[in-house]
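Working notes for the structure below.
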Amino acid sequence: MSIPLDYEMLRVLWWALLGILLIGFAVFDGFDLGTAILLPFIGRTNLERRLMINSIGPVWEGNQVWFILGGGAAFAAWPPLYAASFSGFYIAMFLVLLALILRPVAFKFRGKVDNDTWRACWDVALFVGGFVPSLVFGVAFGNLLQGVPFHFDEDLRAIYTGGFFGLLNPFAILCGLVSVAMLAAHGATYICMKTEGALAARAKTAGIVLNLATIVLFVAAGLWVYASIKGYAVVGTVDHAGPSNPVRKTVEVVAGAWFANYRLLPWTLLAPVLGVLGALLAIVTLIRRMSIRAFWASALSIAGIIATPGLAMFPFILPSSTDPRSSLIVWDSSSSHMTLFIMLVATVIFLPIVLAYTAWVYRVLRGKVTAQTIGRNHQAY
């Protein structure tokens with residue numbers, strides 16, 4: 001069977017699609033996580049916390065489809081990436097899973113008993129369910145930029161040589177704080193858009209502060225990379241259409257390598273610029289009480305912040321700190337030509353359906369969540 005797209009192009013397309021799925025997850029499920037993070041801080045009364053919970057209640061499950069799609073894409077399109085990352089980050093992923101399991105349980109059980117202590121416990125569970133995944137995802141990105149301690153043996157089995165607490169290094173924690181501030185800011189713009197009165201006013205203030213924090217932390221992380229974190233560079237030529245074999249290349253660890261793409265391809269600078277300008281635009285629109293525009297400005301900031309390390313690291317997907325030669329790059333860690341093509345056909349068919357359904361759901365659920373809305377809906381949380 002003749003495949004109309006060559007192997008090199010398909011690999012680049014799936015690298016880009018994986019990034020798009022990560023951005024989609026951060027934008028759509030990010031405001032769920034951010035709302036949960038803010039729940040104990042800007043929800044002063046039980047009614048206000050119910051308003052926050054009901055603003056995300058109808059959509060949070062659908063938003064997690066992006067997380068499932070991202071994991072599925074990594075498994076099918078980049079098997080070595082899935083094997084190395086999920087084995088190396090096993091405890092971290094397990095913590096994320098436990099935190100995400102808390103969310104549906106807390107949604108359902110919070111209102112079962114009319115007791116302040118009972119509700120407070122489930123509010124803490126919702127906070128943990130938002131904070132832990134946000135932190136862990138950022139910490140993971142921080143470790144990617146530094147290199148992950150793994151290598152492949154002679155049978156091409158991924159061997160992870162690090163430990164869980166080694167992931168919690170200062171730079172990775174800074175990246176985790178970038179993620180937490182970014183998603184909490186996104187949640188604040190969503191709450192401001194979906195509620196009114198004193199709750200919306202506090203969400204507005206939180207959104208301004210958190211977007212400022214996102215800018216400061218994001219710039220600080222960039223300066224840290226520039227000053228003291230070495231990047232990775234492939235030495236020699238690599239067959240872009242050759243069979244996947246992660247150990248058939250030479251890789252060097254070079255100071256400033258993570259900024260090489262920005263020098264060679266100046267258009268990639270749009271990503272960090274968008275990360276900062278999107279957050280600034282969110283602040284301006286929040287001040288001007290344009291909550292819908294603030295939400296989409298926050299989404300642009302998220303897209304820019306996530307794209308920044310992705311474009312900086314290209315073609316690297318998972319650098320290895322213990323054996324740089326074992327680092328996974330776009331050209332040597334993908335599935336077969338046929339597999340990528342079949343997946344692309346399925347994506348072209350089904351992703352527009354997912355997007356159309358998502359747009360329809362948000363159109364139906366547009367408008368603010370008010371006390372009257374909750375009073376009329378006996379199934380409200």
Side-chain angles (χ1 to χ4, degrees), residues 20-39 42-43 46-70 72 100 103-111 126 129-130 133 183-204 207 278 282 285-286 289-303 346-381:
I20 290 170
L21 291 174
L22 290 175
I23 291 171
F25 168 68
V27 169
F28 289 102
D29 206 31
F31 67 77
D32 294 348
L33 300 175
T35 298
I37 292 171
L38 294 173
L39 185 65
I42 67 173
N46 179 52
L47 176 59
E48 288 182 343
R49 293 182 181 184
R50 287 188 67 195
L51 289 171
M52 294 173 67
I53 292 170
N54 279 276
S55 70
I56 61 175
V59 297
W60 72 269
E61 288 179 289
N63 291 339
Q64 289 199 153
V65 167
W66 292 94
F67 183 56
I68 298 169
L69 288 174
L100 292 178
R103 291 208 294 172
V105 178
F107 278 132
K108 296 298 182 182
F109 280 84
R110 184 184 184 276
L126 284 170
L183 297 182
H186 196 45
T189 61
Y190 181 78
I191 298 167
C192 190
M193 180 176 67
K194 294 293 290 184
T195 63
E196 57 188 15
L199 178 58
R202 286 194 292 274
K204 170 187 169 182
T285 48
L286 282 171
R289 299 180 181 179
M290 302 174 178
S291 57
I292 297 177
R293 294 182 182 180
F295 176 81
W296 290 112
S298 176
L300 287 176
S301 177
I302 289 173
T347 301
V348 169
I349 294 173
F350 291 106
L351 186 58
I353 296 174
V354 172
L355 292 173
Y357 176 74
T358 301
W360 176 77
V361 168
Y362 281 98
R363 177 173 175 79
V364 171
L365 297 174
R366 69 188 183 278
K368 296 185 181 292
V369 179
T370 64
Q372 291 76 18
T373 304
I374 293 177
R376 291 194 301 266
N377 184 6
H378 297 295
Q379 296 182 337
Y381 292 114

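The side chain to side chain donor-acceptor pair (under 3.5 Å) test applied to R50 returns no partner, not counting sequence neighbours. Take T189 and apply the side chain to side chain donor-acceptor pair (under 3.5 Å) test, not counting sequence neighbours, and it matches no residue. W296 pairs by the ring-ring contact (aromatic ring centres under 6.0 Å, His included) definition with nothing, not counting sequence neighbours. With sequence neighbours left out, R293 forms a side chain to side chain donor-acceptor pair (under 3.5 Å) with no residue at all.
For the atom pair CG (L21) and CZ (F67), the distance works out to 12.0 Å, reported to the nearest 0.5 Å. Taking CG from N46 and CD1 from I53, the interatomic distance works out to 8.0 Å, rounded to the nearest 0.5 Å. Distance check: L47 CG to T370 OG1 gives 9.5 Å after rounding to the nearest 0.5 Å. Here the CG atom belonging to L39 is positioned 10.5 Å from the CD atom belonging to E48, to the nearest 0.5 angstrom. The distance from the CG atom of L183 to the CG atom of L33 is 6.0 Å, given to the nearest 0.5 Å.
Summarising the geometry of L51 relative to V369, their closest heavy-atom pair is CD2-O, 3.6 Å, with the distance given to 0.1 Å. Closest heavy-atom contact between A36 and G130: CB-CA, 4.0 Å. Nearest heavy-atom pair across V59 and S55 is CG2-O, 4.4 Å. Scanning all heavy atoms of the two residues, the minimum distance from L38 to A184 falls at CD1-O, 3.4 Å.
The closest side-chain heavy-atom distance from W360 to V364 is below 4.5 Å. Between I42 and K204, the closest side-chain pair of non-hydrogen atoms is not below 4.5 Å. Looking only at side-chain heavy atoms (C-beta outward), H186 and V27 come within less than 4.5 Å of each other. Looking at T35 and W60, their side chains never come closer than 4.5 Å, going by heavy atoms from C-beta outward. Between F295 and C192 there is no side-chain heavy-atom pair separated by less than 4.5 Å. The side-chain heavy atoms of T285 and I292, taken from C-beta on, include no pair separated by under 4.5 Å. Looking at N63 and F31, their side chains come closer than 4.5 Å, going by heavy atoms from C-beta outward.
Contacts classified as side-chain hydrogen bond (donor to acceptor under 3.5 Å, both in side chains) and involving residues 347-358 (residues at least two apart or in different chains) are not found. Pairs passing the salt bridge (charged side-chain N to carboxylate O under 4.0 Å, His left out) check and including a residue from residues 24-36, sequence neighbours excluded, read D29-R103.
Using cut-offs of 30° and 60° on the angle between ring planes, the pair Y362 and F28 is tilted.
No side-chain donor-acceptor contact under 3.5 Å links R110 to the backbone of F107. No donor-acceptor pair under 3.5 Å is formed between the side chain of K194 and the backbone N or O of K368.
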